Amino acid sequence: MTKDGLKTKIIWLLGGNPNENKVDSLIDSALAFVNGYTFQNYSFDDSENPIPDDIYTAIIDLVIMKSSQKIGVVSEKLSDYSITYRAEELPASIKTILDRFINYNVH
């Protein structure tokens with residue numbers, strides 16, 4: 001699946017008219033999180049090593065979760081916009097998927 005295909009699917013799942021730039025940003029953020037969590041280097045541009053379908057599922061779940069809830073938000077301020085997050089555990093459904101892809105080859 002391409003990033004555009006993923007974006008189209010997420011927009012459809014979100015009801016068809018969310019801000020496309022926000023969806024792009026959330027997808028990039030979710031992919032970066034997945035790479036950091038699993039110690040992998042998944043990329044939409046790497047056709048030789050495609051992203052596994054389960055990772056796409058985790059990215060979709062993360063984007064939908066982040067777009068529909070203010071997960072981990074401790075405080076927000078409107079003027080000179082500011083947002084503070086708290087560290088929090090991943091939902092079990094996403095953690096279960098990602099835990100299978102952790103690369104423990106740490107040198």
Side-chain angles (χ1 to χ4, degrees):
M1 180 183 308
T2 65
K3 183 177 179 183
D4 285 338
L6 180 64
K7 184 167 94 173
T8 299
K9 183 172 187 166
I10 289 170
I11 288 171
W12 179 80
L13 289 169
L14 291 173
N17 64 355
N19 179 316
E20 288 191 36
N21 290 332
K22 181 179 179 185
V23 172
D24 271 334
S25 176
L26 288 170
I27 290 171
D28 291 341
S29 175
L31 181 61
F33 175 82
V34 166
N35 283 336
Y37 185 93
T38 62
F39 305 105
Q40 301 286 353
N41 192 24
Y42 298 116
S43 170
F44 295 112
D45 301 324
D46 187 355
S47 60
E48 291 184 25
N49 299 304
I51 297 173
D53 289 341
D54 286 346
I55 295 297
Y56 277 114
T57 299
I59 291 170
I60 290 168
D61 290 348
L62 283 166
V63 169
I64 290 172
M65 182 180 74
K66 288 290 189 182
S67 68
S68 63
Q69 303 172 28
K70 295 189 176 188
I71 305 250
V73 174
V74 174
S75 67
E76 282 184 281
K77 183 176 148 186
L78 184 57
S79 181
D80 294 323
Y81 187 73
S82 170
I83 187 166
T84 305
Y85 295 96
R86 77 172 163 264
E88 108 181 12
E89 188 67 25
L90 275 175
S93 60
I94 297 172
K95 187 175 184 335
T96 299
I97 292 170
L98 295 181
D99 283 349
R100 291 183 291 165
F101 291 91
I102 291 177
N103 180 358
Y104 289 107
N105 284 338
V106 179
H107 296 248

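For clarity, every value in this text was computed on a predicted model and none was experimentally measured.
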_Can a donor-acceptor pair be found, under 3.5 Å and without considering hydrogens, that links the side chain of Ser25 to the backbone of Asn21?_
no
*Evaluate the criterion side chain to side chain contact (heavy atoms under 4.5 Å, CB included) for residue pair Phe44 and Met1; output intermediate values, then yes/no.*
CA-CA 8 Å; Phe44 295 112; Met1 180 183 308; over 6 Å; no
*Given Lys3 and Asp45, is the salt bridge (charged side-chain N to carboxylate O under 4.0 Å, His left out) satisfied, shown in steps?*
CA-CA 9 Å; Lys3 183 177 179 183; Asp45 301 324; over 6 Å; no
*Looking only at heavy atoms, what is the nearest atom pair of Gln40 and Ile102, with distance?*
NE2-C, 4.3 Å
*Return the minimal non-hydrogen interatomic distance between Ile59 and Ala30, and the atom names on each side.*
CG2-CB, 4.0 Å
*asked:* Test side chain to side chain contact (heavy atoms under 4.5 Å, CB included) on Leu98 and Phe33; report intermediate values, then the result.
replied: CA-CA 10 Å; Leu98 295 181; Phe33 175 82; 4.0 Å; yes
*asked:* Classify the ring geometry of Phe101 against Tyr42: parallel below 30°, tilted from 30° to 60°, perpendicular beyond 60°.
replied: perpendicular
*Nearest 0.5 Å please: distance from the OG atom of Ser29 over to the CG atom of Leu62.*
8.5 Å
*Not counting sequence neighbours, which residues clear side-chain hydrogen bond (donor to acceptor under 3.5 Å, both in side chains) with Asn49? List them please.*
Asp46
*asked:* I need the Asn35 CG to Ser43 OG distance, nearest 0.5 Å.
replied: 8.5 Å
*asked:* Determine whether Leu6 and Ile27 satisfy the following criterion, side chain to side chain contact (heavy atoms under 4.5 Å, CB included), listing intermediate values before the conclusion.
replied: CA-CA 9 Å; Leu6 180 64; Ile27 290 171; 4.0 Å; yes
*Of all the heavy-atom pairs spanning Ala58 and Ile94, show the shortest one and how long it is.*
CB-CG2, 4.4 Å
*Could you please spell out the steps behind the side chain to side chain contact (heavy atoms under 4.5 Å, CB included) verdict for Ile64 and Leu26?*
CA-CA 9 Å; Ile64 290 172; Leu26 288 170; over 6 Å; no
*Would you call Lys9 and Tyr56 a side-chain contact if the rule is heavy atoms closer than 4.5 Å?*
no
